[in-house]
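The basis for the numbers below is simple: all heavy atoms, side chains too, and nothing from hydrogens, waters or symmetry mates. Naming: A, B, ... by sequence-line order, numbering from 1 per chain. All figures in this text were calculated on a predicted structure; none of them were measured in a lab.
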Amino acid sequence: MSDFHDRPSDDLTLPAPRAGGIAARASAALRPAGAPDYLQGLNPEQREAVETLDGPLLVLAGAGTGKTRVLTTRIAHILALGKARPFEILSVTFTNKAAREMRERVGKLLGEVAEGMQWLGTFHSIGTRILRRHAELAGLSSSFTILDTDDQIRLLKQVLAAENIDDKRWPARQLAFAIDGWKNRALSPKDVPAGEAQSFAAGRGAELYAIYQARLKQLNAVDFGDLLLEPIRLFRDHPDVLEQYHRRFKYMLVDEYQDTNVAQYLWLRLLAKGSTNLACVGDDDQSIYGWRGAEVENILRFEKDFPGAKVVRLERNYRSTGHILNAASHLIAHNQGRLGKTLRPQTELGEKVTVAGAWDSGEEARQIGDEIEALQSKGHKLDEIAILVRASFQMREFEERFITLGLPYRVIGGPRFYERAEIRDALAYLRVVASPADDLAFERIYNTPKRGLGDAALKQIVEVARAEEIPLLEAARRLLDGPDLKPKPRATLKELAQSFDRWSGLVDKIPHTELAEQVLEESGYTDMWTKDRSAEAQGRLENLKELVRSMEPFENLRGFLEHISLVMDADRGPSEDAVTIMTLHAAKGLEFDTVFLPGWEEGLFPHQRSLDESGRAGLEEERRLAYVGVTRARRRAKVWFASNRRIHGMWQSSIPSRFLDELPEADVDVIEAPATFGGGGMGGSYGASRFDRAEPFKSTYDTPGWRRAQENRGPASPGPGARRGGPVTIEGELVASSTATSAGFPTGARVFHQKFGNGTVVEVDGNKLTVAFDKAGHKRVVDSFVKAA
DNA sequence: CTTACCCCGGTTTTT
DNA sequence: CCGGGGTAAG
């Protein structure tokens, strides 16, 4: 394709003036004599994985066995031997974070050579790169925009409306979910199995999918799924294009292969027809994303798919101590569908995994909080402690407890930076400024802040736009010339259109950060939040400033927007020493000295829905999640379950997770909960216990401690009419002061709290304040957590 | 157009 | 029990 040659910077045409030099330099630097330095210190399996360069290779890398090291060293090895030049290696990851890390580590090994690795990135970023090159062949222009989930939903709502489909009965979200599912499986509208198309809007599923695709093309836009699918179509329909990539990619590496979906698999297969030097690294035991399209089968089938494939197992674990690994291995051995490998500890047995029960989730949080304080006083860093939960609602209880204790924590997950409403609004403004034809962005902000442009005005604009086949902003301008608009919307719309003209005119004239500030200011957007009195407003303004700051490293507005459409996470700066609270899913790939695993109860973990929807496969995926959780711990893994938990506002009694039974007794200590506020004393206030009748936990354990723990579980949920809210806690008495500062807020002072917003101090007790929050009610907080409002 | 209620749903999440 | 989204009234 000639467009390969249009771009001077196109690596496919680069003569690679420095290529020889790179290889030579790398070899010189890395190979003083004999085996090169970078191979030193690899164990035999790792070394085999690095040195097996030709032919398909599957590296089954157990948790903590040096997977990333193998990947990066392998790249170094290929380059050092001069087998390929940096831009002839395709290496794909799932997340930007993983891509960044790999680039950094290759950089450390080889210096600036890593810069030349233009094909190191996520499936989506590489897909974008390919698609931009050949956009015309896919019916797009190379400046296509990438829609995120929000835009996608908005567009689908429009499609549903245009097709007169009741979006009550058939929510756009559901259609989006279906389409994503089809795209994950690389199905075009015509390929959608009739049975599945049937499931939406009386059989119109595939039809709506087709209309949606047509709309995307009109808007010159793609969604995330298209970033994989379009290249696949391109490769299939244009063998000459595929051929060029075959010539290009001498080596291919794939990280987290167990997470690939059908589309990614097909994408890889097409590319792998060129060279069979495909190395996939993954761990079937850590496949936890089946629910979003990942096919464990891909990794299980590897040897069949790629005949002659070599399989290397990395089983030496350098992360965790013996008991932890034994426990994890024993647990995961209960799964049927796995390739099978056993983690082998490289160090001492260390501490046993502990299992402890609590009366309810509140007590669980208190106990864990106490334990963390104990660890802290023994000199453990909070950064090295994590609480890994199955579902995010579990986090709240820990947060509240930690606030009371004054224990610094950070929550990973939640709404991410670029998903916050204010950020998305701001970006929508910038998108319209950069490309006035971006209808979805325009639609998002044309009445944000409220400027009196409602549905009526929008409807008029849309009508004109559709009739004339022009973008919304253009249509708005045309309406201004005509007689149809009412005076008020006309004036407002005129001003808005003029503003956009002005801003667009400034794009190449003033620095983009400055332009962004100006847009946010002049549009009244900043003002909107300044005037807002809600608890979050202050934080939102901070976020907007942060957004502008994050634009600085980019050359221009366009470059920034391209970046953020694919990189939806922002690098948050380093922060103080704090306990990490996150979901098990978010914890994959991370490690901590001490890991708390609360909520191991039937129904929550394994999650009922997983069981209901996916049966045995669901259970096995839950079990893999448990395995991921346990293997995050370097030295201490502490599992908890609670006998009572409030779900949807109702107290439910629960039985311990079957996964507890699957932990090997020899590696586990059952901890008897110390007497607490929940256990005995309050018994009187509870009615007859449903728990008494509940199926007893059939344990394979038979230690005195375990039996006592079983017996101690006592009565369970309060009967109807019983006092709600669980056992009384005497917060003040439980508090072990971990912060001794006294910022000295007087009673009556107005204060601001990150989580609870503004409030008035009603009582002061040392460094602990009782604050009447405007929104959140009365809370007892440590003064270092609030600042003067 | 904005505000006040009502109803539904509530696992995990990247790009 | 809580929040989002959508509807109905001001």
Length of the line joining [X]:[atom1] and [N]:[atom2], which is rounded to integer Å:
{"X": "A:F123", "N": "B:dT15", "atom1": "CZ", "atom2": "P", "value": "13 Å"}
{"X": "A:E562", "N": "B:dT15", "atom1": "CD", "atom2": "P", "value": "15 Å"}
{"X": "A:D223", "N": "B:dT14", "atom1": "CG", "atom2": "P", "value": "17 Å"}
{"X": "A:Q394", "N": "C:dC1", "atom1": "CD", "atom2": "C1'", "value": "16 Å"}
{"X": "A:D259", "N": "B:dT14", "atom1": "CG", "atom2": "C1'", "value": "10 Å"}

Check: [Y] main-chain N/O paired with [X] side-chain donor or acceptor under 3.5 Å:
{"X": "A:Q258", "Y": "A:D285", "answer": "no"}
{"X": "A:Q152", "Y": "A:D223", "answer": "no"}
{"X": "A:R132", "Y": "A:F144", "answer": "yes"}
{"X": "A:E621", "Y": "A:G618", "answer": "no"}
{"X": "A:N644", "Y": "A:W359", "answer": "yes"}
{"X": "A:E256", "Y": "A:T93", "answer": "no"}

Are A:Y289 and A:W291 near enough that their ring centres are under 6.0 Å apart?
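Ring-ring flag for A:Y289/A:W291: true, centres closer than 6.0 Å.
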For A:T122 against A:A99, the heavy-atom pair lying closest together:
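Heavy atoms only, the tightest pair is N-CB, 4.5 Å.
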Please encode protein proximity along nucleotides 6-13 of chain B as a string of B, S and -, counting only heavy-atom distances under 4.0 Å.
----BBBB
Go through the steps to decide whether A:N298 and A:T260 satisfy the test side chain to side chain donor-acceptor pair (under 3.5 Å), and finish with yes or no.
CA-CA 7 Å; A:N298 287 347; A:T260 48; 3.0 Å; yes
Expected rows: protein N/O vs nucleotides 2-4 of chain B N/O, under 3.5 Å:
none

Audit row: A:Y627, A:N335, side chain to side chain donor-acceptor pair (under 3.5 Å) steps and yes/no:
CA-CA 11 Å; A:Y627 171 80; A:N335 272 5; over 6 Å; no
Can you tell me if the side-chain N/O atoms of A:N96 get under 4.0 Å from OP1 or OP2 in B:dT15?
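It does, given that an N or O in the side chain of A:N96 lies less than 4.0 Å from OP1 or OP2 of B:dT15.
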Side-chain N or O of A:K157 versus OP1/OP2 of C:dG6: is the shortest distance under 4.0 Å?
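Yes.
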Do the charged groups of A:R645 and A:E364 touch, with an N to O distance under 4.0 Å?
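So A:R645 pairs with A:E364 through a salt bridge.
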Could you run down the sub-3.5 Å N/O contacts of the protein with nucleotides 8-10 of chain C?
none

